[in-house]
Amino acid sequence: MSPDSMWHRWQLTAVLAALSRPLQTPPSPAAATDAPPASATDREGFPVLLGGAPARQVDETTCGSAVLVMLAATGDPVLAEWLETGRAPQGTVPPEIPHDSLAGLDAAGRFAAAQRQVKHRTGHRALGPLPWPASLGTPPWTAAREARFPGVRYRVRPFDDAADDARTVLALVVASTHRGHPVPLFTGGDLRGGLAHAVPRHVVLAVPPPPGAGEPEVLNLYEPGRGEVYRVPVSALLGRTTPHPALGGWTHVTVALLPVPA
């Protein structure tokens, strides 16, 4: 078995397999249609495929859902196999898989169905007994509630990339990924774009690096709008003033969901 096929096993899903591919392709249009345009100096990412289909969010409100599906699949071989092959799970069905009949769905359809399932779960009882408005995507507190990875739970950590502790928080994110724990990150703009830009608007996923390729000052970010993974220096996420494609075309990381022991 080749090193590449060893890397692309069920316990290491396509999010991570994409990082082992040396080739880059031009970025596709982002699904997050309300994001500001990226600058001309932004670098390209590495494509992420699930069952041969681009691993993109299904609409402009499911970036958080796509991230939570990929997070769960990275640690759940049953979910990962279903996303890749469509093979029906035996025994307990992962919560990201809908209970409705899914026969005949292709890879893109399975990923879309899982996103809609997670979108429903994160919207349920998000405001006390009330649901979260579907048009507003995924709030950080229910994302933390639904985030699923073996041995950890997730807690919300607001983030200011100009604060004194910003580098420390990003170091925690890097350390988590080096331990094999993906970390969801919410992104957004700032008050210069108005209040609507200053709140969390998009979600990306810091994923573990390939074996032997971890760098102490670099994050590997899966961006679901483009369905690509970017290698981003930690320094590039501090004190930002311009958008970055790894952040979904937004300027800042605004919230981190940090893993803690379960």
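Residue numbers start at 1 and run along the sequence shown.
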State, yes or no, whether a side-chain contact exists between Glu217 and Pro233 at a heavy-atom distance under 4.5 Å. no

First locate atom CD of Glu146, then atom NZ of Lys119, and finally report the distance between them rounded to the nearest 0.5 Å. 13.5 Å

The criterion is side-chain hydrogen bond (donor to acceptor under 3.5 Å, both in side chains); which residues satisfy it with Arg155, sequence neighbours excluded? none

CZ of Phe149 to CG of Leu257, rounded to nearest 0.5 Å, is 14.5 Å

Partner of Asn220 by side chain to side chain contact (heavy atoms under 4.5 Å, CB included), out of Val174, Val207, Leu205: Val207

Between Arg167 and Asp161, does any side-chain N to carboxylate O distance fall below 4.0 Å? no

Connected to Leu136, directly or through other members, by ILVMFWY side-chain contacts below 4.5 Å are Leu127, Leu130, Trp132, Trp141

Whether Glu96 and Arg110 form a salt bridge (side-chain N of Lys/Arg under 4.0 Å from carboxylate O of Asp/Glu) is what I want to check. no

Out of curiosity, does Leu238 fall in the hydrophobic cluster containing Val232 (side-chain heavy atoms, cut-off under 4.5 Å, transitive links)? yes

Would you verify whether the NZ or CZ of Arg231 falls within 45 degrees of the ring axis of Phe46 while also being under 6.0 Å from that six-membered ring's centre? yes

Decide yes or no on side-chain hydrogen bond (donor to acceptor under 3.5 Å, both in side chains) for Arg179 and Thr177, but give the supporting numbers first. CA-CA 5 Å; Arg179 290 193 296 269; Thr177 63; over 6 Å; no

When you look at His202 and Glu223, which way does the side-chain hydrogen bond (donor to acceptor under 3.5 Å, both in side chains) test go after all the steps? CA-CA 9 Å; His202 191 58; Glu223 196 286 293; 2.6 Å; yes

